[in-house]
Amino acid sequence: MHLIMIGGSDAGISAALRARELDPAADVTVVLEDAYPNFSICGIPYYVSGEVTHWRNLAHRTLADLEAAGMRLRLDTTARRIDVPARKLLVTSADGGEELLGYDKLIVGTGAVPVRPPIAGLAGPGALGPADGVHLLHSMGDTFAVMATLEQAAPASAVIVGAGYIGLEMADALTIRGLAVTQMEQLPEVLPTVDPELGALIHAELAGRGVEVLTRTTVQAITRAPAGQPGRLHVQAAAADGTAVTRTADMVLVVVGVRPETTLAAEAGATLAVRGAIAVDPGMRTGLLDVLAAGDCVITHHRLLGETYLPLGTTAHKQGRVAGENALGGNRQFAGSLGTQVVKIFDQAAARTGLRDHEAIAAGFDPVTVAAQADDHKAYYPGSHPITMRVTGDRTTGRLLGLQLFGHKNAEIAKRIDIAATAIFHHMTVEAVNDLDLSYTPPLGSPWDAVQIATQAWTRHTQAH
Ligand SMILES: Cc1cc2nc3c(=O)[nH]c(=O)nc-3n(C[C@H](O)[C@H](O)[C@H](O)COP(=O)(O)OP(=O)(O)OC[C@H]3O[C@@H](n4cnc5c(N)ncnc54)[C@H](O)[C@@H]3O)c2cc1C
């Protein structure tokens, strides 16, 4: 049995590891277009900030570890065409040489690519790029380009276009490096994946750390600053009321989301679905004979919303594992996502799982969201921090639908969002969360965990209204 994985990141490597684990005789080849297999691109902001001291430390596993697991890695090799009926993959190596590789099963893990928003200066003839200090950020190659700008051009200031989780992590990272950061976001609040009430708290944390945050601001053009003026680049934007906003900066980072990289699969005849991602069944099969796919290039089955697109590393790992097992004839299914996410912004963290009101309404629920606050541990023990929470449940059935949290990075925000993720995964009601036997000692918690304080507030509110 010869398996080929296209893509050497979370999905492709998870699939390869699982296949080798299940069948040590399986012949497994991973084809990747760069030389950085199994790198944790989620860790890029912490390498840029300097907290992770060497890029090699971002490797989940080294090349030697991967080879020791029994897979063959074709570095600097690009998959060009899938011949589905003949079960052959055309690849080109860095020197341009072409080769046809035969396979029994193929797993497409081509991931995602950064979205290039319609900003003048980003595309077309004379487009600005890394040499000018204008960057996108997704791959290790992008990271090396950002580091080259930081180390060679010694920028004093940066504009970050976008305030999603990567934009926020990069605002944190560049501020730690000593740059003056301006963050521009076209939506009304930062981190639009949480309610604006929590977004406003993140906004305040950024502002408190000296980041200039400009929301409702749409970037329109990036140009080179005229010689003799401070700053290398001009960023022109428009506020919601049409007022022109301009900033000068030494570097610009554009991080406004990703889109699935599906060219290869689509040309082979794969069906594309929501947001243009590859349609797969829960077993990660594409519908093309002997071709599976996983990770940021495919749709995500959401346990409450059905088919959606939620590109995340946690999901890519799980889908890759399912694909690796099923390529060997298994019948595993991806159990579905809840969009559970956590992000650190300076000393604070924000997290969400499940649905917010508008998503719950679209999914046919009758949601009620209630705000609550509780300390992460007993306030009499030093170092306690308040956690701001928003719990969403279904009025009709009492089912827990979602939780959003904001609090200090040491307030176990990730652990607490995972309590809710587990409860939602298992269809628990808001009230049933109160019955969970959670741990307690004053330096680390309270007799009622903060999450249970929030679910009690929800029950009180819905009983009163
Ligand atoms: C800065 C940053 C921070 C992040 N932080 C988090 C986080 O905290 N938590 C989280 O859950 N997720 C996070 N993510 C998202 C997470 O990294 C992705 O969801 C995950 O890497 C997806 O893995 P993947 O294998 O599907 O795709 P990708 O990581 O996109 O990898 C696809 C690979 O396929 C290769 N490839 C594509 N086409 C070809 C071809 N034709 N031939 C050969 N190779 C090809 C690409 O070069 C690439 O290496 C972050 C992402 C970034 C960029």
Side-chain angles (χ1 to χ4, degrees), residues 4-16 29-49 52 58 60 73-82 89-94 101 106-115 135-143 146 160 162 164-170 172-173 193 253 255-268 277-278 280 284 293-300 309-321 323-324 337 339-345 349-351 414:
I4 297 185
M5 285 74 184
I6 307 173
S9 188
D10 295 345
I13 296 292
S14 295
T29 303
V30 180
V31 171
L32 62 150
E33 66 187 351
D34 65 15
Y36 309 102
N38 211 198
F39 269 74
S40 173
I41 57 175
C42 305
I44 291 171
Y46 315 106
Y47 168 56
V48 172
S49 71
V52 173
L58 292 180
H60 289 298
L73 291 129
R74 301 281 305 249
L75 307 184
D76 297 316
T77 302
T78 304
R80 299 285 178 196
R81 196 172 61 244
I82 307 167
L89 179 70
L90 178 70
V91 300
T92 51
S93 46
L101 307 177
L106 181 74
I107 298 177
V108 179
T110 46
V113 287
V115 168
H135 297 268
L136 305 181
L137 186 66
H138 189 77
S139 63
M140 289 307 292
D142 298 335
T143 307
V146 166
I160 298 178
Y165 77 95
I166 296 176
L168 299 178
E169 289 172 346
M170 289 306 295
D172 179 337
T193 47
L253 194 61
V255 274
V256 297
V258 295
R259 60 174 176 79
E261 172 51 271
T262 59
T263 320
L264 200 58
E267 283 175 6
I278 303 168
V280 285
M284 312 315 295
D296 282 6
C297 61
V298 306
I299 59 159
T300 319
Y309 181 63
L310 270 171
L312 282 172
T314 44
T315 306
H317 275 91
K318 293 186 189 82
Q319 293 176 331
R321 188 175 163 90
S337 161
T340 310
Q341 261 185 287
V342 63
V343 53
K344 180 191 87 64
I345 310 106

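Both counts, for ligands and for their atoms, begin at 1 and track the order of listing. Along the sequence shown, residues are numbered consecutively beginning with 1.
Between Glu169 and ligand 1, a contact under 3.5 Å exists for no N or O pair. Taking distance alone, with nitrogen or oxygen atoms compared against 3.5 Å, Asp34 stays at or beyond that limit from ligand 1. The shortest N/O to N/O separation between Cys297 and ligand 1 does not fall below 3.5 Å. Ligand 1 has no nitrogen or oxygen under 3.5 angstrom from a nitrogen or oxygen of Gly12.
Nearest non-hydrogen protein atom to atom 44 (N) of ligand 1 is Glu33 N, 3.2 Å. The nearest protein atom to atom 1 (C) of ligand 1, hydrogens excluded, is given as Ile41 O, 3.6 Å; this is a heavy-atom distance. The protein heavy-atom contact nearest to atom 35 (C) of ligand 1 is Gly7 CA, 3.9 Å. Scanning the protein heavy atoms around atom 9 (N) of ligand 1, the nearest turns out to be Cys42 SG, 3.9 Å. Nearest protein heavy-atom contact of atom 29 (O) of ligand 1 is Ser9 OG, 2.7 Å. With respect to atom 25 (O) of ligand 1, the closest heavy atom belonging to the protein is Ala11 N, 2.9 Å. Looking at atom 11 (O) of ligand 1, its nearest protein heavy atom turns out to be Gly313 N, 2.9 Å. At the top of the distance list for atom 38 (N) of ligand 1, counting protein heavy atoms only, stands Thr110 CG2, 3.4 Å.
Under 4.0 angstrom from ligand 1, the non-hydrogen atoms of Ala112 all belong to its backbone. By the criterion of a heavy-atom distance under 4.0 Å, the side chain of Ile166, and not its backbone, is placed next to ligand 1. Looking at Pro311 against ligand 1, only its backbone comes within 4.0 Å, counting heavy atoms. Counting heavy atoms under 4.0 Å from ligand 1, residue Val113 does not touch it at all.
Look at Val343 and you'll find every heavy atom at least 4.0 Å from all atoms of ligand 1. Within the structure, ligand 1 lacks Tyr36 among the residues with a heavy atom less than 4.0 angstrom away.
Note: His60 NE2 to Cys42 SG = 6.5 Å, rounded to the nearest 0.5 Å.
Close contacts of ligand 1 with Thr77, meaning ligand atoms under 4.0 Å from a residue heavy atom, involve 43 (C). Atoms of ligand 1 found under 4.0 Å from any heavy atom of Gly111 (numbered from 1 in listed order, with element): 26 (O), 27 (O), 28 (P), 30 (O), 32 (C).
Within a 4.0 Å radius of atom 48 (C) of ligand 1, the protein contributes no non-hydrogen atoms.
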